[in-house]
Visitor: 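One structure coming up, written as structure tokens, with questions to follow.
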Amino acid sequence: MVSERDSSQPKEVDTRTLTVAYAGGQERRGPVTMGQANMIRCVLRDEPAHINIHDVWPAPPGIRLDAAVDALRALAVRHEGLRTTFPYAPGTAPGEQVVAASGEFMVTVLDHTELPEEPARYAESLALRARDERFHLDRDFPLRISLVTVDGAPVFVALAASHAVADISALAVLKEEWLALLTGETLPPQSALTPLDLAAEESTPAGLRKSGASLRYWERIIRTGPQAMFAEPGAEGAEVHAPQLTLRSRRGARALALVTERTGGLPATVLLTAWCALLAHRTGQDACVAAVPTSNRYTPRLVRSVNTLSQDALLSLDVRVPTFDALLRTAWGAALNSYRHSQFDAVALWEMIGRATFERGSHFARDVVFNDVSSLPPSLPSTLDAAAQGENAPRPDLEISRGPGQVLPARVLTFVHEIDPLLRLGIWVDPALFPRDEAEGFLAGLVRLLEAAAVADVPLAALTEVTGVRPVERGADWERVDGCWVSPPAVAATLSRVLDGLPVHVTSDPPRTGGSAEGDAEHGLTAFIASGGSPLTPEGAHAALMDALPGRPGVLAPRRYVIVQDPPAEADRSSAWGRQQILLEGTGRDRRM
């Protein structure tokens, strides 16, 4: 069943702003963490609506406004991250964090006589709107808070947060503690690492060795894995406006439990394996490469840290195995390996990515993101679904609903919110690659795969029949080159365009070794360019093409550039180009232009 959701606006709202002072913390300062540096880079570069995050917290019935505000004040005192700012000079990036002992923040109170028909969706619209304004890292409190009340009684907290200070996991911790304070509980002493304590650990010799190992792990994937999971017709541009789909399935939860019982695997690993198997099947890839950001909270001292630990764990799962069970046996090790290598110097990482992709002639696309937050306190959209449907709402066998879209620098973003008693997933997909029916079919296919794996091992060659999800169809002009799906005609057209229309012919070189994975890595392209006497070099051609790669996942730079004077009469024949007198040739990788 598919349902549409919308939210209406309230009829009457009285708005006022409270200034909330806090005191009792400890003043501290020190270097930023690797995760903070990573997100600060994004905060300074990206549009605020794209990088800020949000959440909605339903208030328990019967609480007073002053109690809700006092609980927010207590969180500010308890968590150093909420009292942190990042001073920096214009034109630079912050390298230091300062924790205040006291300060103040604002709470906007929106008092209603009556809430709209879908109050939770209305509260989310307020939180989404709050994301549009940029946080000033050097002076702003990192939460932008609205209290939705009815006749003065709190109903929701709708907030946006600076991603430089908090991630989704941190907001879940704050929500849980806020609710606990409102019910009179005493919070236990802090045991999680503060941002400054984590920064100190990261700067030790052991921390620096760990960061170095992470860079080497990432570099291996960047140099050998697919440059984009979605290299296919229709995959264009670096950002997409993706509609949201939510899967709620009792069948899926039941099947997941049965697969876990049959195989002995962990539920989270079983679900990740099924998701990767289906995604690699749909994209026609030999590996599933995905960012799994929340999985870097894998040590006890990080689980409840109110901090931004948003550094990708980069999963690379080779799917060239015969069956689902065989893939499951390798998935836990691959996932653990990615988690262990998710702490790194973000500046050094992107310098490495720039160097490795320039040398390879590729552009790394963070196409796929998988966030499993099912082990955390419930957060969006679970909160909204429960509020909108009631705690005693029926648990559908399989329901797919649609929600608001958002602009994403990814083609598939998945959140796992719940695995029992419902399988609840939120997913945003590129509509150019997944028309509505196919997007819904992908989610239904995931449930079908779990149901099939619940009773027997599933051959991966049978995924189309089992799930109803078909691999993408690429034309005859597409081929796998250096581990990537590439369209040589698209390479030629792009190279010709960036060289002001010079004639270009691209040919695929045969593998130097037969049929192995290593042999595919030797399979490259050669570009013949008729310069007409212009002072073109292989280095210039390569640099120009690299600048054009973002947003063109079907284009991979040639391994060799051959510059000739004029095109042959038979310009469509590689052998004719090969007989032309060569003016210059080379890899183009000798130096940056």
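All heavy atoms count here, side chains included; hydrogens, waters and symmetry mates do not.
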Visitor: Answer yes or no: is there a side-chain heavy-atom contact under 4.5 Å between Glu438 and Arg470?
Guide: no
Visitor: Do Leu450 and Leu423 have side-chain heavy atoms sitting under 4.5 Å apart?
Guide: yes
Visitor: Looking at Thr92 and Tyr88, would you say the former's side chain and the latter's main chain have a donor-acceptor pair under 3.5 Å?
Guide: no
Visitor: List the atom of Ala199, the atom of Pro31, and the distance in Å for their closest heavy-atom pair.
Guide: CB-O, 3.4 Å
Visitor: Hey, does the side chain of Glu202 reach the backbone of Met34 with a donor-acceptor pair shorter than 3.5 angstrom?
Guide: yes
Visitor: In terms of side-chain geometry, is the basic nitrogen of Asp70 or Arg64 positioned less than 4.0 Å from the acidic oxygen of its partner?
Guide: no
Visitor: For the residue pair His417 / Arg424, report whether a side-chain donor-acceptor contact shorter than 3.5 Å exists.
Guide: no
Visitor: Give a yes or no answer on whether the side chain of Asp111 reaches the backbone of Asp151 with a donor-acceptor pair at less than 3.5 Å.
Guide: yes
Visitor: Between Phe86 and Val165, is any pair of side-chain heavy atoms under 4.5 Å apart?
Guide: yes
Visitor: Any side-chain to backbone donor/acceptor pair from Thr308 onto His163? Under 3.5 Å, distance only.
Guide: yes
Visitor: Please report the closest heavy-atom contact between Ala274 and Leu449, naming both atoms and the distance.
Guide: O-CD2, 3.6 Å
Visitor: Yes or no on side chain to side chain contact (heavy atoms under 4.5 Å, CB included) for Met39 and Ile51, after CA distance, side-chain angles and deciding distance?
Guide: CA-CA 9 Å; Met39 294 316 302; Ile51 191 60; 3.3 Å; yes
Visitor: Is a side-chain N or O of Arg29 found less than 3.5 angstrom from the main chain of Val98, in a donor-acceptor match?
Guide: no
Visitor: Quick check: do Leu187 and Leu181 have side-chain heavy atoms less than 4.5 Å from each other?
Guide: yes
Visitor: For Phe415 and Trp428, take the angle between the two ring planes, folded into 0 to 90°, and tell me which bin it lands in: parallel under 30, tilted 30 to 60, perpendicular over 60.
Guide: perpendicular
Visitor: Any side-chain to backbone donor/acceptor pair from Trp178 onto Ala59? Under 3.5 Å, distance only.
Guide: no
Visitor: For a 4.5 angstrom cut-off between non-hydrogen side-chain atoms, does Leu433 reach Val240?
Guide: no
Visitor: Which pairs count as side-chain hydrogen bond (donor to acceptor under 3.5 Å, both in side chains) when at least one residue sits in residues 135-145, sequence neighbours excluded?
Guide: His136-Arg139, His136-Asp140
Visitor: Does Pro48 reach the side chain of Arg131, with side-chain heavy atoms less than 4.5 Å apart?
Guide: no
Visitor: Provide the closest heavy-atom pair for Ser305 versus Ala170 in the form atom of the first, atom of the second, distance.
Guide: O-CB, 4.0 Å
Visitor: Would you mind reporting whether Thr19 and Met106 have side-chain heavy atoms less than 4.5 Å apart?
Guide: yes
Visitor: Considering only NZ, NE, NH1 and NH2 on the basic side and carboxylate oxygens on the acidic side, decide whether Glu124 and Arg121 come within less than 4.0 Å.
Guide: yes
Visitor: Whether the side chain of Thr85 engages the backbone of Leu137 through a donor-acceptor N/O pair (distance < 3.5 Å, no angle test) should be reported.
Guide: no
Visitor: How long is the span from the SG atom in Cys276 to the CG atom in Leu315, to the nearest 0.5 Å?
Guide: 5.0 Å
Visitor: Just one of Asp367, Val429, Val472 clears the side-chain contact (heavy atoms from CB on, under 4.5 Å) bar with Phe230, so which one?
Guide: Asp367
Visitor: Identify which one of Asp167, Asn38, Leu193 satisfies the side-chain contact (heavy atoms from CB on, under 4.5 Å) criterion when paired with Leu309.
Guide: Asp167
Visitor: Between the main-chain N or O of Ser102 and the side-chain N or O of Arg83, is there a donor-acceptor pair closer than 3.5 Å?
Guide: no
